2 protein chains.
Amino acid sequence: MTHLASTPSTLGCALLGLLARSPSTGYDLARRMQRPVGYFWSARHSQIYPELARLEQDGLVSHEVVDGAGPRPTKRYAVTAAGMEALRTWVATETEPQPVRDLETLRLWSVWTVEPETARGLVRQARVRHEDVLRAYEEELSALEGTPEARDRSHPAFASVLTLEGGVRTRRAAVEWCDWMLDRLR
Amino acid sequence: MTHLASTPSTLGCALLGLLARSPSTGYDLARRMQRPVGYFWSARHSQIYPELARLEQDGLVSHEVVDGAGPRPTKRYAVTAAGMEALRTWVATETEPQPVRDLETLRLWSVWTVEPETARGLVRQARVRHEDVLRAYEEELSALEGTPEARDRSHPAFASVLTLEGGVRTRRAAVEWCDWMLDRLR
DNA sequence: CCTTTCATGTAATGGGTTACATGATTCG
DNA sequence: CGAATCATGTAACCCATTACATGAAAGG
């Protein structure tokens with residue numbers, strides 16, 4: 001009997017979420033973690049491989065060896081029934097508000113210490129960034145919207161549309177905020 | 001001569017930003033880190049005390065012993081001229097986009113795996129939270145807006161207004177987004 | 001031929017949370 | 001008289017990043 005499976009770490013649940021959408025190798029998970037998931041969670045391969053091993057020990061994922069180009073055997077992972085259950089439980093579980101870490105705002109909070117021109121540069125830079133991410137969200141959203149899967153509440157695409165819409169809305173608000181600040185800094 | 005002062009850590013700069021606004025004890029910094037700074041950066045006292053020691057070693061802050069209720073000498077810290085310069089440099093320095101960690105969105109991204117009623121509960125919960133933070137931002141903002149300091153670009157209150165306005169705008173967008181989702185989940 | 005992509009791992013280090021430890025004063 | 005507040009520190013642990021290590025196949 002395997003040891004009592006406690007709730008996996010957040011990273012573990014992120015990986016379960018990815019694998020529930022489609023089975024992947026660890027390498028592939030690292031790629032998928034960059035975009036579009038990377039906009040709200042990220043991890044490097046050095047963190048992913050040990051986590052996959054832990055998930056497998058707990059019986060939440062399993063792997064089969066497939067053909068691949070690496071020096072070691074290439075493993076394709078998939079969620080097990082227990083893993084799917086763990087994912088569902090995690091999604092439904094109440095979580096207390098996480099501490100936010102927003103470096104951009106932290107710097108802005110000390111902007112009174114620098115020259116107005118420096119401050120404007122800072123805000124302009126932030127605006128460009130928000131706009132870039134906004135565009136990426138919009139592109140991805142327009143690719144999904146209108147498809148029949150996006151309407152099906154039990155289909156991954158439905159959840160993707162929800163999160164992308166949130167990204168679009170908050171980034172749009174951020175761009176408008178930057179414009180508002182630039183106006184105040186004139 | 002003290003050893004070459006490299007740029008302090010982000011936490012170090014956060015503390016410099018706090019101390020530049022007003023000198024404090026480590027205990028007080030921990031309190032001030034909860035609200036309102038805590039909305040975009042946070043730290044516990046166990047992290048703050050060693051960081052203060054490091055900053056002092058680099059000559060960026062200094063302390064004087066004052067009367068206090070603790071078992072050890074109570075130290076009031078203040079930024080030095082070098083510390084102020086380091087803060088200004090850090091604010092003006094370009095930073096590459098930080099990886100975002102948004103647990104709420106990560107869970108939402110896997111919402112297709114659960115029942116619609118569970119999904120609605122999740123979004124309702126998120127809405128309450130965003131609204132609570134929004135209200136806190138608005139209160140703090142209304143206390144500052146209209147004061148003469150809020151107009152002075154070299155006064156801390158000016159920067160506070162900028163960040164609070166951003167908080168209000170993004171949280172408002174988030175609440176509207178939740179309503180949009182609840183509509184889609186009907 | 002050199003770089004990129006596929007592919008999986010480990011080790012060292014840094015950042016952050018939780019828990020341990022201490023002790024005076026104030027308030028209910 | 002017990003709990004909360006003031007006040008500072010250390011230790012153990014977890015999470016995450018960077019760097020080290022290996023090697024085949026494909027494309028420019």
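Since this is a predicted model, take the numbers as computed values, not measurements. The sequence lines fix the lettering, A, B, ..., with proteins before strands; numbering per chain opens at 1. When reading the values below, keep in mind they use all heavy atoms of this one structure, side chains included, and skip hydrogens, waters and symmetry mates.
- Note on B:Tyr27: every side-chain N or O is 4.0 Å or more away from OP1 and OP2 of D:dT8.
- In this model, the phosphate group of C:dG9 is not approached by any side-chain N or O of A:Tyr49 to a distance below 4.0 Å at OP1 or OP2.
- Atom-to-atom, NE2 of A:His45 to P of C:dT10 comes out at 11 Å; the value is rounded to the nearest Å.
- Side-chain proximity of A:Gln47 to D:dT5, C:dC6, D:dA16: nearest is D:dA16.
- B:Arg101 and A:Thr10 share no donor-acceptor pair across their side chains, judged by distance under 3.5 Å alone.
- Of the candidate nucleotides C:dA7, C:dT18, D:dT17, C:dT18 has the atom lying nearest to any side-chain atom of B:Arg44.
- Residue A:Arg72 has its side chain nearest to D:dT22 when only D:dT22, D:dT8, D:dA19 are considered.
- Regarding contacts with the backbone of D:dC15, every side-chain N or O of A:Thr10 stays at 4.0 angstrom or more from both OP1 and OP2.
- Atom CG in B:Leu55 sits about 15 Å away from atom C1' in C:dG15, given to the nearest Å.
- Following rounding to the nearest Å, B:Leu103 (CG) and C:dT17 (P) show an atom-to-atom distance of 14 Å.
- With 3.5 Å as the limit, one finds a donor-acceptor pair spanning the side chains of B:Thr95 and A:Arg107.
- Place A:Ala43 and B:Asp67 on DNA chain D by their nearest nucleotides, and B:Asp67 ends up nearer the 5' end.
- Each of C:dT17, C:dT8, D:dT8 was ranked by its minimum atom distance to the side chain of B:Lys75; first place goes to D:dT8.
- The pair B:Glu117-A:Arg153 fails the salt-bridge criterion, with no side-chain N (NZ, NE, NH1 or NH2) lying under 4.0 Å from an Asp/Glu carboxylate O.
- One can place NE2 of A:His63 at 14 Å from C1' of C:dA7, the figure rounded to the nearest angstrom.
- Between A:Ser46 and A:Thr74, the residue anchored closer to the 5' end of DNA chain C is A:Thr74, taking for each the nucleotide with the nearest heavy atom.
- For the pair A:Arg21 and B:Trp109, the distance from NZ or CZ to the six-membered ring centre is under 6.0 Å and the angle to the ring normal is within 45 degrees.
- Atoms CD (B:Glu56) and C1' (D:dT8) sit 14 Å apart, rounded to a whole Å.
- The distance between atom CD of A:Glu96 and atom P of C:dT17, rounded to the nearest whole Å, is 13 Å.
- When the P atom of C:dT8 is taken as reference, atom CG of A:Leu52 falls 9 Å away, rounded to whole Å.
- Closest approach to the B:Arg101 side chain among D:dA19, D:dT17, C:dC6 is made by D:dT17 (side chain taken as heavy atoms from C-beta onward).
- In this entry the distance linking CZ of A:Arg54 with P of D:dC15 reads 7 Å, nearest Å.
- When the side chains of ILVMFWY residues are joined at heavy-atom separations under 4.5 Å, either directly or via intervening members, A:Val100 and B:Val133 end up in two distinct hydrophobic clusters.
- In terms of position along DNA chain C, the nucleotide closest to A:Gly26 lies nearer the 5' end than the nucleotide closest to the other residue of the pair A:Gly26 and A:Pro99.
- Here D:dC15 is the nucleotide among C:dG15, D:dC6, D:dC15 with the atom lying nearest to any side-chain atom of A:Ser9.
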